[in-house]
Amino acid sequence: MSATIVSSPGKVLAAGGYLVLDRAYSGIVISTSSRFYAVVQGGSPSHANVIVVRSPQFIQAEWRYSVSFENDRVHVERLEDSNAQKNKFVHLALQHTLALALEIHGGVKSILEQVLQNGLDIAVVGDNDFYSQRAKLESLGLPNAVASLSNIPPFSRNNVQLSDVHKTGMGSSAALITSLVSALLLRFSVISESEFAKLDSADRRLAHNTAQFIHCLAQGKVGSGFDVSAAVFGSQLYTRFDPGVLQPLMNDDQSHSTLIPVLTSPTWNFIAAPFQLPPLTRLVLADVDAGSDTPSFIGQVLKWRKENPEAANTLWSGIDQSNQSLARRLLYLTQAHASHPTDYESAVRRISDLPPSQWQQYRKDQSLSLVAQVILQVFYLVYEHAQAIRQQMRAMGEAANVHIEPPEQTALLDACMSQAGIICSGVPGAGGYDAIWLLVCDIPDASLDQSPLHHIEQAWTTVKDLSVSPLAAIESVAKGARVENIDDVLGLKEAITRD
Ligand SMILES: Nc1ncnc2c1ncn2[C@@H]1O[C@H](COP(=O)(O)OP(=O)(O)OP(=O)(O)O)[C@@H](O)[C@H]1O
Ligand SMILES: C[C@@](O)(CCOP(=O)(O)O)CC(=O)O
């Protein structure tokens, strides 16, 4: 049997940090071209019922498990010869996905044993963007520019243990769990490849619910889940599910629970509404610095909200209005491109030449068609809404006493926003010092030194106190998790076969 490979994208929560924890609000989630891959293959006859999971980008990252069956239950136990520290996320993924497979196959263990007759060898690797490339660019003597990243081989090694790597906050564990769970569900014939390929199928929803459950269990809490939803469904306007749906499975000992009623329950009420960034623009991401502790941010913001309900609700409603307006305008632009591509392109060409604060001077520009003028105004509104979100998120940070957009990040984003052709920006997710996102105009024939991307790369070099290192990702329009062919993914075969 050939390899079963599933990849899932990383994510950026461009708007809706904190609010998305509450079902009353939604967030703008952009999925990235950077992906995590799980490659599941058969082992050898002497390894029946053994599952080896390897992470070849790290040292001492091989986890070995044995699978046994007892009284209609399947047990996945860690083997003592594993060379690495425990990996709770991987262990729980194996245990619960196999348990679901056994349930779905009516407790007939021979179906699972058949798949496990040679054991399984599973390699998991992530695109370079999931980890900071700052040190590698430095050692190669390359400038901190997106173009430099193509000099680093795909799936490059990090030469450290997993626990010591500098992550970029793109949702590595959600993308990993989604790929691993989906690949196992396919391998054990719980879902079919043709159904999984459909965005709205029961099979893809089952992969989502299972990955979401395992990710919550591994994290020890039911979070908003936007990262798993992005990994499964791609860019979206996300509204969370009611956490109660998972409650029956969140106890310490679920060894006697059955999974099917919860994982196929119609009460999963998350909403992943279609979203994508407008044409002729590009997402730019940069890794800024390690340093913030997101869980403590969340605790502090939620505590402040509880203690100051009135002020918090006013602020949250204001942020939500800006978030929704931003999403609506961005979606409008995509439609405008579909119906008026030429006017749209002339508007984008025009705004590429000036920073957004000056776009108003194009109002009533007679050389633009009326439609192009309207489109240009909508780009200006996008800029204004995103700036309003930043301002309100800073206010929330001040009120709750956490650095959601710290002053150094404000200086950095302001420096970027004063460049020609930049549209909007922010600190993703919970904020802090970790990262920034930007949306810039992207006209295919613009010369490199005239391109907005080049302008902001220059601006990065002028900021003090922060070291900005680019990431390669753009938005993924592929709509989430997908089955891959090993030969179609550059460098994947080499990455999983090296020792
Ligand atoms: N490459 C990998 N190989 C194996 N296990 C991994 C890998 N990446 C993550 N994990 C598992 O997921 C756990 C949590 O990972 P991590 O803290 O990177 O997730 P995260 O909080 O989603 O990260 P991010 O900051 O990217 O959102 C790790 O402790 C490990 O168990
Ligand atoms: C604060 C929060 O809304 C976003 C955290 O996002 P990130 O991991 O910082 O991208 C928490 C959540 O939604 O899980």
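Remember, it's 1-based here, ligands and their atoms both numbered in the order they're listed.
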Strictly under 4.0 Å, does any heavy atom of F58 approach an atom of ligand 1? yes

E307 CD: over 12 foreign heavy atoms closer than 6.0 Å: yes

Atom 2 (C) of ligand 1: nearest protein contact (heavy atom, Å): S55 OG, 3.4 Å

Ligand 2 atoms nearer than 4.0 angstrom to some heavy atom of Y18 are 1 (C), 2 (C), 3 (O)

Audit row: F270, H208, ring-ring contact (aromatic ring centres under 6.0 Å, His included) steps and yes/no: CA-CA 11 Å; F270 64 94; H208 167 273; 4.1 Å; yes

Contact partition for Q57 relative to ligand 1, non-hydrogen atoms under 4.0 Å: neither

Of the backbone atoms (N, CA, C, O) and the side-chain heavy atoms from C-beta on, which set of F226 has a member under 4.0 Å from an atom of ligand 2: side chain, backbone, both, or neither? side chain

Counting neighbours of CG on N485 that are heavy atoms of other residues, nucleotides or ligands and sit closer than 6.0 Å, is the number greater than 12? yes

Ligand 2 to V20, heavy atom cutoff 4.0 Å, flagged ligand atoms 3 (O), 13 (O)

Classify the side-chain pair E77/S66 by whether it contains a donor and acceptor separated by less than 3.5 Å. no

May I ask you to check whether R390 and Q387 show a side-chain donor-acceptor distance below 3.5 Å? yes

Ionic contact status for E405 with R394, cut-off 4.0 Å: yes

Give the residue and atom name of whichever protein heavy atom lies nearest to atom 25 (O) of ligand 1, and the separation in Å to one decimal. G169 CA, 3.3 Å

Min N/O separation H215 to ligand 1 under 3.5 Å: no

So does L490 have more than 12 non-hydrogen atoms from other groups sitting under 6.0 Å from CG? no

Min N/O separation A430 to ligand 2 under 3.5 Å: yes

Checking the N or O distance criterion of under 3.5 Å, is ligand 1 in contact with N87? yes

Does one side chain, of T334 or Q276, offer a donor that lies under 3.5 Å from an acceptor on the other? no

Any heavy atom of I298 under 4.0 Å from ligand 2? The part involved is side chain

For atom 13 (C) of ligand 1, which of W63, F89, Y131 has the closest heavy atom? F89

Heavy atom of the protein closest to atom 21 (O) of ligand 1 (residue, atom name, distance): K167 NZ, 3.8 Å

Taking the minimum heavy-atom distance to atom 8 (O) of ligand 2, which of R240, M170, K11, K221 ranks first? K11

Provide the number and element of each atom of ligand 1 under 4.0 Å from a heavy atom of F36. 1 (N)

Nearest heavy atom to atom 27 (O) of ligand 1, choosing from G223, G171, A175, belongs to G171

Report the part of L162 in contact with ligand 1, treating N, CA, C, O as backbone and CB onward as side chain, heavy atoms under 4.0 Å; options are side chain, backbone, both, neither. side chain

What protein heavy atom is closest to atom 22 (O) of ligand 1, reported as residue, atom name and distance in Å? S173 OG, 2.5 Å

Atom indices of ligand 2, in the order listed, that fall short of 4.0 Å to a heavy atom of G17: 3 (O)

Below 30° counts as parallel, above 60° as perpendicular, anything between as tilted: where do the rings of Y131 and F58 land? perpendicular

Do other residues, nucleotides or ligands put more than 12 heavy atoms under 6.0 Å from I474 CD1? no

Can you check which of G225, S224, G432 brings a heavy atom nearest to atom 13 (O) of ligand 2? S224

Which protein non-hydrogen atom lies closest to atom 10 (N) of ligand 1, naming both residue and atom, and how far is it? L176 CD2, 3.4 Å

Is it the side chain (CB and beyond), the backbone, both or neither of V301 that lies under 4.0 Å from ligand 2, heavy atoms counted? neither

Distance-only polar pair, side chains of Q212 and T178, donor-acceptor under 3.5 Å: no

side-chain hydrogen bond (donor to acceptor under 3.5 Å, both in side chains), paired with S173, selected from Q219, K167, H215: H215

Indicate whether any N or O donor in one side chain lies under 3.5 Å from an N or O acceptor in the other, for D129 and S34. yes

